[in-house]
Amino acid sequence: MSVPLPLPPRPLPPDESSFVERLRKGDSRAFRELVTLHQASLIRLASSFVPSNAVAEEVVQETWIAVIRGIDKFEQRSTLKTWITRILVNIARTKGVKERRTVPMGSLLSDTADHAAVSPDRFSGPPGRGEWSQPPARWSELPEEVVLSGATIALVIDTVRLLPEQQKWVVMLRDVEDWSSSDVCDALGLTEGNQRVLLHRGRSTLRSMLEGRLGVAS
Amino acid sequence: MRVLFRRDIECQQFVELITDYLEGALPRGLVKAVDRHIAACPDCTEYLAQMRRTIQITGHIDGQIKGEPPPQPLPDEMLDALQKAFEEFHNSAGA
Ligand SMILES: [Zn+2]
């Protein structure tokens, strides 16, 4: 009776090096697979940072060209996904700077402004250590169709678009694309601590905008 | 009357700690203080539920991020054009 050979441990995350090797050797099937796999998410990301889907498509096209030219220099210290997204972020930022002159950015705070998650007016007691004087409403009592209505989703979309740029990237990658914090830090060049601050500000702004729609006090 | 621990936190502190709390990034002592606060404070319990809801709703916006119709899947001719660019780059690099 033969003793089954132990299976080699399955690498986690899945080993991409053979796939990268195919790309480097010029395997166009591998390249098509790569584009098909990531295109939708890249378009979605790009289109929340530039003013139209047409510009978003340009950003993604340029990203793929940069991927073609850069794959030989990709050192695989991150996954392909985060490397490609990092390229997209840089291209979208460059385009965003050009477009920003023509797009009014609304009145939301900048990435660096110090900003309370909830207005101090809603607390009473010692500054910074107050208790709720205007507590949050009970969203849990709202019907699901109100909470997840088209109007609610539209409000979130509008608010995300008006977030300061870095907060927007973090919210998009973490909460829309469902990335891990370490992948987000890697793609955006942020420390874990910075990433959390940006996430906190973005989510807090979204919650407070939703509160305006779903009710302030019970 | 509520007994205050030295490391107790108040509502206004909780709303600033919430992300670190949800991310598992708080030191253990503060996690305990937050847990204690939530257990005693229905308003912050609701705030926590709202933040979770906010995250959930944000997760639903993909594919409709713009006010205009969602982008179409990549047309074949674009995919073909990219593939051509890929092949040309490799042929010129390999030559
Ligand atoms: Zn509280």
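Lettering of chains follows the sequences in order, A, B, ..., and the numbering in each one begins at 1. Note that this is a predicted model, so its numbers are computed, not measured. Reckoned from all heavy atoms, side chains included, excluding hydrogens, waters and symmetry mates.
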Exercise for the section: Would you indicate whether the side-chain heavy atoms of H200(A) and E16(B) approach each other to under 4.5 Å? Expected result: yes
Completion exercise
Bottom line for Q83(B): the part with an atom under 4.5 Å from chain A's heavy atoms is both
Handout entry: With sequence neighbours excluded, residues passing ring-ring contact (aromatic ring centres under 6.0 Å, His included) with F14(B)
Key = none
Practice task
Nearest 0.5 Å please: distance from the CD1 atom of I61(B) over to the CZ atom of R44(A).
Solution key: 10.0 Å
Exercise for the section: Identify which part of S181(A) has an atom lying under 4.5 Å from any heavy atom of chain B, answering side chain, backbone, both or neither. Expected result: side chain
Practice task
Sort A49(B) into side chain, backbone, both or neither according to what part of it lies under 4.5 angstrom from a heavy atom of chain A.
Solution key: neither
Handout entry: Heavy-atom check, side chain of P42(B) versus side chain of R138(A), under 4.5 Å
Key = yes
Exercise for the section: Give, as side chain, backbone, both or neither, the part of P120(A) having an atom under 4.5 angstrom from any heavy atom of chain B. Expected result: both
Problem - side chain to side chain contact (heavy atoms under 4.5 Å, CB included) between V35(A) and F86(B), intermediate numbers included - result: CA-CA 11 Å; V35(A) 174; F86(B) 178 79; over 6 Å; no
Exercise for the section: Check whether any side-chain heavy atom of C44(B) lies under 4.5 Å from a side-chain heavy atom of W132(A), and answer yes or no. Expected result: yes
Problem - Closest non-hydrogen atom pair between Y47(B) and R207(A), with its separation - result: CE1-NE, 3.1 Å
Problem - Part of D175(A) lying under 4.5 Å from any heavy atom of chain B - result: both
Practice task
Pull out the residues in residues 24-31 of chain A that come under 4.5 Å of chain B, heavy atom to heavy atom, sorted by number.
Solution key: R24(A), K25(A), G26(A), D27(A), S28(A), F31(A)
Handout entry: Least distance between heavy atoms, V176(A) atom then T58(B) atom
Key = CG2-O, 3.6 Å
Problem - Between D72(A), L206(A), V147(A), T36(A), the one whose heavy-atom pairs under 4.5 Å with chain B are most numerous - result: V147(A)
Fill in the blank from the handout: CZ (R53(B)) and CD (E211(A)) are apart, to the nearest 0.5 Å, by 15.0 Å
Exercise for the section: Quick one: closest heavy-atom pair of A117(A) and V15(B), and the distance? Expected result: CB-O, 3.6 Å
Problem - Value rounded to 0.5 Å, distance of CD in E23(B) from CD in Q195(A) - result: 6.0 Å
Problem - Polar side-chain atom of Q12(B) near backbone of G130(A) as donor-acceptor pair, under 3.5 Å - result: yes
Problem - Chi angles and distances behind the salt bridge (Lys or Arg N to Asp or Glu O under 4.0 Å) call for R32(A), E87(B) - result: CA-CA 11 Å; R32(A) 272 183 98 98; E87(B) 285 163 356; over 6 Å; no
Problem - Proximity breakdown for V67(A) and chain B, heavy-atom pairs closer than 4.5 Å - result: neither
Completion exercise
When the 4.5 angstrom heavy-atom criterion is applied to L210(A) and chain B, the contacting part is side chain
Practice task
Supply the atom-to-atom distance I57(B) CD1 to L214(A) CG, rounded to the nearest 0.5 angstrom.
Solution key: 6.0 Å
Problem - Shortest non-hydrogen contact between L82(B) and I68(A), atoms and distance - result: O-CD1, 3.9 Å
Completion exercise
One should read off an interatomic distance between F123(A) CZ and D43(B) CG, to the nearest 0.5 angstrom, of 9.5 Å
Problem - Nearest atoms (heavy-atom pairs only) where P136(A) meets Q50(B) - result: CB-NE2, 3.4 Å
Practice task
Could you tell me the separation between the CZ atom of R203(A) and the CD1 atom of I18(B), rounded to the nearest 0.5 Å?
Solution key: 9.0 Å
